[in-house]
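Quick caveat: nothing in here was measured; it's all calculated off a predicted structure.
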Amino acid sequence: MENYDMLIVKASALPEVYLKVLYAKELLENGSCTNVSAATQKVGISRSAFYKYKDCVFAYHKQDTDKNLCISAMLSDRAGVFSALTAQLYQEGANILTINQNHPVDNIAAVTITVRTDNVTVSIEELMNRLRKIDGVISIKII
């Protein structure tokens with residue numbers, strides 16, 4: 001059996017204490033409660049339960065991942081092609097989160113880039129079309 005560090009579990013399957021810890025963290029973040037004692041008392045858990053789980057329980061917000069786009073590209077192994085690709089992403093407002101580039105094979109480099117798109121100034125379709133037009137981009141797709 002693999003040793004998993006993180007899991008996504010439906011909230012209704014979890015013990016109530018985890019949800020209360022999340023609620024207490026939210027009360028502290030938004031200023032509704034000014035200290036841990038007040039937040040834990042309001043949600044009905046002990047301070048020790050809060051401190052036990054506070055660094056292990058996080059809310060999953062789907063919209064956070066909806067703003068990320070993973071792009072796979074095949075690029076000509078020439079100076080400036082990768083730079084032109086990343087410059088175009090920057091120009092369109094994309095924030096590069098991760099880059100994975102393999103060694104070129106037969107003068108073609110495989111690149112995977114994950115970008116955050118919440119500040120992109122054009123549609124995703126238009127962004128992809130603009131990236132395809134870059135000299136040296138052999139193919140590009142969303143994965």
Inset, instruction - Determine yes or no for a side-chain-to-main-chain donor-acceptor pair under 3.5 angstrom, with Thr117 supplying the side chain and Lys67 the backbone. - result: yes

Legend entry - Exceeds 12 heavy-atom contacts within 6.0 angstrom, atom CD of Gln101: yes

Legend entry - Spacing of CD1 belonging to Ile140 relative to CG belonging to Leu131, to within rounding of 0.5 Å: 4.5 Å

Inset, instruction - Evaluate the salt bridge (Lys or Arg N to Asp or Glu O under 4.0 Å) criterion for residues Glu126 and Arg130: first the C-alpha distance (whole Å), next the side-chain angles of each, then the deciding distance (0.1 Å), finally the verdict. - result: CA-CA 6 Å; Glu126 179 61 25; Arg130 291 180 184 185; 2.8 Å; yes

Inset, instruction - May I ask you to test the Ile142-Ile124 pair for a side-chain heavy-atom distance under 4.5 Å? - result: yes

Inset, instruction - Indicate yes or no: at least one non-hydrogen side-chain atom of Asn129 is less than 4.5 angstrom from one of Arg132. - result: yes

Inset, instruction - Give a yes or no answer on whether the side chain of Asp106 reaches the backbone of Ile108 with a donor-acceptor pair at less than 3.5 Å. - result: no

Inset, instruction - Treat each ILVMFWY residue as a node, draw an edge where side-chain heavy atoms are under 4.5 Å apart, and state whether Ile143 and Ile71 are in one component. - result: no

Inset, instruction - Any chance you could lay out the side chain to side chain contact (heavy atoms under 4.5 Å, CB included) test for Ile45 and Val21, step after step, and finish with the verdict? - result: CA-CA 8 Å; Ile45 59 172; Val21 168; 3.7 Å; yes

Legend entry - Distance (rounded to the nearest 0.5 Å) between Leu19 CG and Tyr53 OH: 12.5 Å

Inset, instruction - Give a yes or no on whether Val9 and Val17 share a hydrophobic cluster (residues Ile, Leu, Val, Met, Phe, Trp, Tyr; joining criterion: side-chain heavy atoms under 4.5 Å apart). - result: yes

Inset, instruction - Nearest 0.5 Å please: distance from the CD atom of Gln91 over to the OG1 atom of Thr86. - result: 11.5 Å

Inset, instruction - Work out which heavy atom in Ala59 is nearest to a heavy atom in Leu22; give both atom names and the distance. - result: N-CD2, 3.6 Å

Inset, instruction - Provide the closest heavy-atom pair for Ala39 versus Leu27 in the form atom of the first, atom of the second, distance. - result: O-CD1, 4.3 Å

Inset, instruction - Quickly, which of Val137, Ile134, Ile113 forms a side chain to side chain contact (heavy atoms under 4.5 Å, CB included) with Phe82? Name it, please. - result: Ile113

Inset, instruction - Could you list all the salt bridge (Lys or Arg N to Asp or Glu O under 4.0 Å) pairs where at least one residue sits in residues 8-23, not counting sequence neighbours? - result: Glu16-Lys20

Legend entry - Neighbour count above 12 (heavy atom, 6.0 Å) for Tyr90 OH: no

Legend entry - With Asp118 via salt bridge (charged side-chain N to carboxylate O under 4.0 Å, His left out) - residues at least two apart: Arg116

Inset, instruction - Determine whether more than 12 heavy atoms belonging to other residues, nucleotides or ligands lie under 6.0 Å from atom CZ of Arg47. - result: no

Inset, instruction - Please check if the side chain of Ser46 supplies one atom and the backbone of Ala49 the other of a donor-acceptor pair under 3.5 Å. - result: yes

Inset, instruction - Any chance you could measure Asn100, atom CG, to Thr114, atom OG1, to the nearest 0.5 Å? - result: 9.0 Å

Legend entry - Lys141 side chain to Met128 backbone, donor-acceptor under 3.5 Å: no

Inset, instruction - Just do the side chain to side chain contact (heavy atoms under 4.5 Å, CB included) check on Ile138 and Ser76 with the steps written out, would you? - result: CA-CA 7 Å; Ile138 297 166; Ser76 295; 3.8 Å; yes

Legend entry - Linked, directly or transitively: Val43 and Leu14 (ILVMFWY side chains, under 4.5 Å): yes

Inset, instruction - With rounding to the nearest 0.5 Å, note down the distance linking CD1 in Ile96 to CG in Leu89. - result: 5.0 Å

Inset, instruction - Looking only at non-hydrogen atoms, find the nearest pair between Ala94 and Val115 and report the distance. - result: CB-CB, 4.0 Å

Legend entry - Tyr4-Phe58 co-clustered via ILVMFWY side chain contacts under 4.5 Å: no

Legend entry - Spacing of NZ belonging to Lys25 relative to CD belonging to Glu29, to within rounding of 0.5 Å: 7.0 Å

Legend entry - With sequence neighbours excluded, residues passing side chain to side chain donor-acceptor pair (under 3.5 Å) with Ser32: Asn30

Inset, instruction - For the pair Val81 and Asp135, evaluate side chain to side chain contact (heavy atoms under 4.5 Å, CB included) and give the outcome as yes or no after the intermediate values. - result: CA-CA 7 Å; Val81 176; Asp135 184 35; over 6 Å; no

Inset, instruction - Could you please spell out the steps behind the side chain to side chain contact (heavy atoms under 4.5 Å, CB included) verdict for Leu75 and Leu85? - result: CA-CA 9 Å; Leu75 307 177; Leu85 179 70; 4.2 Å; yes

Legend entry - Side-chain heavy atoms of Val36 within contact of Tyr51, under 4.5 Å: yes

